[in-house]
Structure formats: structure tokens, C-alpha cells
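These notes concern the structure reproduced below.
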Amino acid sequence: MKRAQSFLRVGFVVEYARSLDRRSRREVITMSAPGDAHRSDAKKQRAAQAALDHLLDGHLQHGAIIGVGTGSTVNFFVDALAACRDRIGGAVSSSNATTARLEAIGIKILDLNEVDTLGFYVDGADEATRARHLIKGGGAALTREKIVAAAASHFLCIVDDAKVVTRLGKFPLPIEVIPMARSLVARQLVAIGGRPVWREGCVTDNGNHILDVHDLVITDPPALEQQLNQIAGVVTVGLFAVRPADRLVIGTEHGVELA
Ligand code: 5RP
């Protein structure tokens, strides 16, 4: 009886959170002006180009293998890569979407198991602090992204300045879960003060589900990442803090900043 009541309560919380989320998404869509998207794209493109220039500026050996993340900022990086694809020996990709884009410009895709050393990994983020702790997973590719980041000696994170925050958590934290454990994990997230929202209709490249967790107070990102990793059924937490980015390349209105 107790179990059933608590399940219903979580069901209500998740349902309530879902409706709030739909509402806030609508508000965001109505509030953003058309020029904002262009400005944000220009910043993403600057960050992407600066990361590529850094690699080609003597930091990456000719013919080396690189890791490539996922998302609209990374898409600018892949577009820029097309002009110098002969300098790259191949790539380990973090998602099926990125694999398709890399193959379209003639970059060979390698399985991580075939690669001994991965010098650089380039990826975006949904939020970043200047301590280079990140929230990732807005594009649902967090598991492979975390694996490739762990394998790389240097992780360059490319973002526009709107994503740089003093404390993580305004962007809901994505957590990839095994489908049968979705409600079990959600209940435990509610118990620690989170408001999990099931990203309905989203199935990851690994066949799993995503919970987007609102309202978490993230004062110690590595500690929270480790705590959430202990919940049975959690595949990957979208906090990248135990292994943070090594360099943040921030696209701004007038150029790039490094952190
Ligand atoms: C995908 C990610 C992306 O890096 C993140 O969502 C940022 O995407 P975008 O560059 O489109 O803003 O973590 O899982």
C-alpha cells in the first residue's frame, strides 16, 4: 500500500513537472527573437573554428584520430573540418547523428576499441562553469560523449557565452536510464529534491530513456555526479565534473575567450 502510494505521488510529480516543462518551453519559444538565434549561431561558429585552429596549430599530429561530440555547436566544428579533412586520420564519434555528418564529409569513423590513443575530444555543452564543470545531454548523446571524453587526453569544450554560468542547474540535468528502471530512478531523484521529467519519445542511441531533472541544487558537481551514479538503473549522469573539460572555448559577440 505504502509502495503504491509513493508510486502514485511520483507519478503525479513527474506528470506535474511535465506540464510545467511544456509551458516553460512554450514561453522560451515565444520570448526568443529571430536575431537571437543568428547571434548565438555566430558565437557557436566562432568557438568551433577556434577549437579547430587550436588543433591545427601544431597541437594535433598529422593523421591523428580525434573524438567528436554531438550537437549544433559541434556541427559547426564538423563543417569547418571539411576544409582540412586530409589532416585528420579519422574520428571516434559520440552519436549516430555525428557519424552521419562526419561520413558525409569523407572522415573515416573508427570504433573506440580500435584506437590506442585519442589526443583530442571536441564537444559542446548545455551549461558550463569557468571551473569547466559541465551539464551535457541536451541532445541525448551523453553516454557515448562521456566515454569518448574519458578516453581523450584533452577535452576541448566549445560553447557560446550564454551557456556559461556561475552555478550549474538552471538547465535541467539529463540522466540516461535503463527503461525498466525509469520510475525507480525518478522516485530517488524526487527524494533528493529533484523534479524529474521523462523526455517522452526520446530513445537514446543505446536504447535507453532520458530523465531531465529540474530544481537540483548543484553546489558540488563532482560529489553529485558520484552520488547519482550509485542509483541502480542510472546509465549516465549528464554532469561532466569528475572528468571536466580541459579547456573551455567560449564564443562571444566579438571573438572567443578561453577558460
Ligand atoms: C548532446 C550534448 C550537446 O553537447 C549539448 O546538448 C549542446 O548542444 P548544442 O551545441 O546544440 O547547444 O550534450 O548530448
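Just follow the structure's listing: the first ligand is 1, and inside any ligand the first atom is 1.
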| request: Can you pull out the closest protein heavy atom to atom 9 (P) of ligand 1? Residue, atom name and distance to 0.1 Å, please. | output: S72 OG, 3.3 Å
| Will you find, in the side chains of T70 and S94, an N or O donor that is under 3.5 Å from an N or O acceptor? | yes
| Using heavy atoms and a threshold below 4.0 Å, how should the contact between V159 and ligand 1 be classified: side chain, backbone, both, or neither? | neither
| task | Could you list the atoms of ligand 1 found under 4.0 angstrom from a heavy atom of T70? | result | 1 (C), 2 (C), 3 (C), 4 (O)
| message | Under a 4.0 Å threshold between the charged nitrogen and the carboxylate oxygen, would R243 count as salt-bridged to E225? | response | no
| request: Tell me which protein heavy atom sits closest to atom 6 (O) of ligand 1, plus the residue, atom name and distance to 0.1 Å. | output: D126 OD1, 2.7 Å
| remark: heavy-atom search around atom 10 (O) of ligand 1 in the protein gives T73 OG1, 2.6 Å
| Test item, G69 contacting ligand 1 (heavy atom, 4.0 angstrom) | no
| request: Please check if Y121 and L134 belong to a single hydrophobic cluster, counting links between Ile, Leu, Val, Met, Phe, Trp and Tyr side chain heavy atoms closer than 4.5 Å. | output: yes
| said: Does only the side chain of A125 get under 4.0 Å from ligand 1, or the backbone, or both, or neither? Count heavy atoms. | reply: backbone
| remark: The reported gap from CG in L81 to CG in N75 (rounded to nearest 0.5 angstrom) is 12.0 Å
| query | Is V74 close to V68 at the side-chain level, that is, under 4.5 Å between some pair of heavy atoms? | reply | yes
| message | Counting non-hydrogen protein atoms only, what is the nearest one to atom 12 (O) of ligand 1? Give residue, atom name and distance. | response | K163 NZ, 2.5 Å
| Just distances here: any N/O of G137 and N/O of ligand 1 closer than 3.5 Å? | yes
| request: Just jot down the ligand 1 atoms closer than 4.0 angstrom to any heavy atom of D123, in number order. | output: 4 (O)
| said: Less than 4.0 angstrom from a charged side-chain N to a carboxylate O is my criterion; do E176 and K146 meet it? | reply: no
| query | Does the N or O separation between G139 and ligand 1 drop below 3.5 Å for any pair? | reply | yes
| said: If we count only N and O atoms by modelled type, under 3.5 Å, do the side chains of D111 and N113 hold a donor and an acceptor together? | reply: yes
| note | For G124, the ligand 1 atoms with a heavy-atom partner under 4.0 Å come out as 4 (O)
| task | Could you tell me which atoms of ligand 1, counted from 1 in the order shown, lie closer than 4.0 angstrom to a heavy atom of K44? | result | 12 (O)
| Those residues that, when tested against I147, pass side-chain contact (heavy atoms from CB on, under 4.5 Å) (two or more places apart) | L112, T143
| query | Identify the closest protein heavy atom to atom 4 (O) of ligand 1: which residue and atom is it, and at what distance? | reply | K136 NZ, 2.9 Å
| query | Got the closest protein heavy atom to atom 1 (C) of ligand 1, with its distance? | reply | E145 OE2, 3.1 Å
| field | Donor on one side chain, acceptor on other, Q49 and D53, under 3.5 Å | value | yes
| task | Output yes when a side-chain donor or acceptor of D212 lies under 3.5 Å from a complementary backbone atom of P172, and no otherwise. | result | no
| request: For ligand 1, indicate whether the residue A140 contacts it via side chain, backbone, both or neither (heavy-atom separation under 4.0 Å). | output: backbone
